[in-house]
Number of protein chains: 2
Amino acid sequence: MPYDPSAFPPFAVTVDLVVLTVRRDALCALVVRRGEQPYQGRWALPGGFVRADEDLTAAAARELAEETGLCVHDRHSPAPGSSPTGAHLEQLATYGDPKRDPRMRVVSVAHLALAPDLPAPRAGGDANQARWAPVGLLLGKEADAHGEDQSGQLAFDHTQILADGVERARSKIEYSSLATAFCPPEFTVGELRRVYEAVWGVALDPRNFHRKVTGTPGFLVPTGGTTTRQGGRPAQLFRAGGATLLNPPMLRPEV
Amino acid sequence: MPYDPSAFPPFAVTVDLVVLTVRRDALCALVVRRGEQPYQGRWALPGGFVRADEDLTAAAARELAEETGLCVHDRHSPAPGSSPTGAHLEQLATYGDPKRDPRMRVVSVAHLALAPDLPAPRAGGDANQARWAPVGLLLGKEADAHGEDQSGQLAFDHTQILADGVERARSKIEYSSLATAFCPPEFTVGELRRVYEAVWGVALDPRNFHRKVTGTPGFLVPTGGTTTRQGGRPAQLFRAGGATLLNPPMLRPEV
DNA sequence: GCAAAAGTGTTTTTGCTACACCCATGC
DNA sequence: GCATGGGTGTAGCAAAAACACTTTTGC
């Protein structure tokens with residue numbers, strides 16, 4: 001049977017981004033205000049159409065750069081002249097409910113990006129508003145208690161996508177060195193611990209945490225420098241080591 | 001800016017299936033012989049186009065039923081009148097390299113299915129050949145040593161998709177009860193252990209394994225029956241319990 | 001009896017928790 | 001001095017590894 005272009009229906013393919021960071025000890029996600037219908041005025045995840053000759057990962061990296069100025073940073077071979085701050089980027093999942101976009105059939109390949117704390121989100125090419133919002137508010141775990149300005153749910157199925165992305169990040173920092181993607185290039189053990197505490201929403205024992213991360217070979221590499229930016233006794237500075245898998249994993253306390 | 005259909009390029013969207021089972025103590029994947037160009041005559045993963053009004057998961061379930069006769073089995077609310085053997089189905093990842101299909105731009109949403117040992121694959125609607133092949137051969141870990149009839153690599157990027165699916169299965173049985181999806185409705189602890197050994201390719205201590213799985217609350221439920229189908233002393237029969245998460249996880253030995 | 005697989009008991013070792021305690025800075 | 005966060009030592013406990021041993025079938 002020869003190739004027949006009428007044998008399959010055409011789809012629009014987009015990428016949506018769950019961009020997470022830790023700001024003021026809270027896990028935050030990047031959201032943009034929609035300027036057009038549908039869901040005009042509602043907050044949504046950043047994203048856009050995949051171009052005709054563009055790989056999915058490339059489309060996600062392009063959208064990430066457009067929205068945040070971040071360049072994707074391959075943690076194994078950091079490009080020497082790359083942007084000041086790198087980010088982790090990975091595919092999350094694909095959402096293709098026939099009714100998820102009222103205009104047409106859109107399949108969205110969601111990606112998860114983890115970034116260090118950034119100065120402030122810059123407006124996208126469309127001059128959309130953009131901001132960091134605590135995921136606790138966006139996911140409505142405690143929204144009722146505050147009477148917030150969140151304009152309710154995110155657009156489309158983005159609340160579900162965000163929840164899936166947050167869950168991925170929460171579980172993946174257990175057994176990988178991914179939490180270092182939330183930190184600046186050099187960081188202290190205490191700063192890394194506060195990342196875990198913000199992402200998991202729990203308190204960890206500083207002493208045991210220190211022993212665990214410094215005792216795992218290849219996880220952290222001391223740079224030799226120290227800092228007192230957190231106050232108290234000077235703390236050693238570290239870079240992320242080559243090890244990407246944590247074995248045994250970091251244990252997330254029961255909630 | 002109003003909606004402009006010319007603003008985005010059209011894509012074809014397909015689902016591809018990594019269907020795994022354990023046969024004769026080996027992890028096997030379902031492959032079909034391609035009857036048309038490109039890659040005519042090569043083995044490939046089963047799959048097909050997503051229909052215009054079909055959810056991605058529904059498309060994967062339809063393809064799975066067409067190729068194997070398996071119905072997807074929701075392990076939490078098994079349909080009373082459903083097919084004799086159920087299967088686990090979940091989304092794996094999405095593959096969208098612009099050059100992955102020479103004919104046109106195709107984005108494939110790969111799914112992972114786990115099934116108990118089946119009699120024999122039946123031919124698909126297109127009367128294609130279908131067979132179970134050990135993943136060790138398909139992934140070429142030891143292909144050279146045998147001079148096999150595998151006709152080399154799988155079509156398209158299916159070798160990569162298969163590798164990703166196998167890796168997902170290997171890691172997910174560590175911390176979930178997914179391994180029971182490879183077993184018949186009633187099974188012994190020894191049969192479950194042989195599933196782990198086949199998927200991981202390692203030998204496990206039968207005594208410690210027994211203690212571990214029977215000691216995890218909610219994982220296994222004794223049915224009261226026994227069997228000697230494996231020889232030796234009669235073994236208790238179990239069904240999969242309600243627990244889907246294993247905590248603490250099953251530990252995969254170092255290789 | 002013998003082989004084979006199921007199942008239990010016991011010791012060793014590993015790694016996490018909890019908490020006492022000391023260190024080095026800013027103020 | 002005192003507060004703050006950084007870092008080490010150690011006892012107790014939970015669970016995994018390793019392995020001896022008994023049980024119940026088929027032949």
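Note that these values count all heavy atoms, side chains included, but never hydrogens, waters or copies made by symmetry. Throughout, a chain's letter reflects where its sequence line sits, starting with A, and its residues are numbered from 1.
The separation between B/L204 atom CG and C/dA5 atom C1' is 16 Å, rounded to whole Å. Taking atom CZ of residue B/R252 and atom P of nucleotide D/dA17, one finds them 14 Å apart after rounding to whole Å. Note: CG (B/N247) to P (D/dA14) measures 15 Å, nearest angstrom. Between the CZ atom of B/R207 and the P atom of D/dT22 there is a distance of 14 Å, given to the nearest Å. Taking atom CG on B/L251 and atom P on D/dA18, their separation rounds to 12 Å, with Å as the unit. Note: CD (A/Q236) to C1' (D/dG5) measures 14 Å, nearest angstrom. Here C/dG7 presents its P atom at 11 Å from CG of B/L220, a figure rounded to the nearest Å. To the nearest angstrom, P of D/dG6 lies 11 Å from CZ of A/F209.
Annotation: cation-pi geometry satisfied between B/R131 and B/W43 (NZ/CZ under 6.0 angstrom from ring centroid, within 45° of ring axis).
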With ring-ring contact (aromatic ring centres under 6.0 Å, His included) as the test, would you mind laying out the steps for A/Y196 and A/F209 before giving the verdict?
CA-CA 10 Å; A/Y196 275 91; A/F209 183 88; 5.5 Å; yes

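Side-chain nitrogen and oxygen atoms of A/R193 include none within less than 4.0 Å of the OP1 or OP2 phosphate oxygen of D/dG5. B/R194 has no side-chain polar atom (N or O) that falls below the 4.0 Å cut-off from OP1 or OP2 of C/dA5. At the phosphate of D/dA15, neither OP1 nor OP2 sits under 4.0 Å from any side-chain N or O atom of B/K212. Listed pair A/H210 / D/dG7 meets the phosphate criterion, a side-chain N or O lying under 4.0 Å from OP1 or OP2.
If you check distances only, the side chain of A/R211 does reach the base of D/dG9 with a donor-acceptor pair under 3.5 Å. At a cut-off of 3.5 angstrom, the base of C/dA6 holds at least one donor-acceptor pair with the side chain of B/R233.
Residue whose closest nucleotide on DNA chain C sits further toward the 5' end, between A/G232 and A/N208: A/N208. Nearest-nucleotide positions on DNA chain D place A/T188 closer to the 5' end than the other of B/G231 and A/T188. Comparing A/E191 and B/D205 against DNA chain D, the residue whose closest nucleotide sits nearer the 5' end is A/E191.
In this structure a side-chain-to-backbone donor-acceptor pair under 3.5 Å is present from A/E197 to A/L204. Counting only distance, with no hydrogens or angles, the side chain of B/T21 and the backbone of B/P116 share a donor-acceptor pair below 3.5 Å.
Residue contacts shown for A/P248 are limited to sugar-phosphate atoms, with no base heavy atom under 4.0 Å away.
Annotation: the span from A/L20 atom CG to A/H88 atom NE2 amounts to 10.5 Å, rounded to 0.5 Å.
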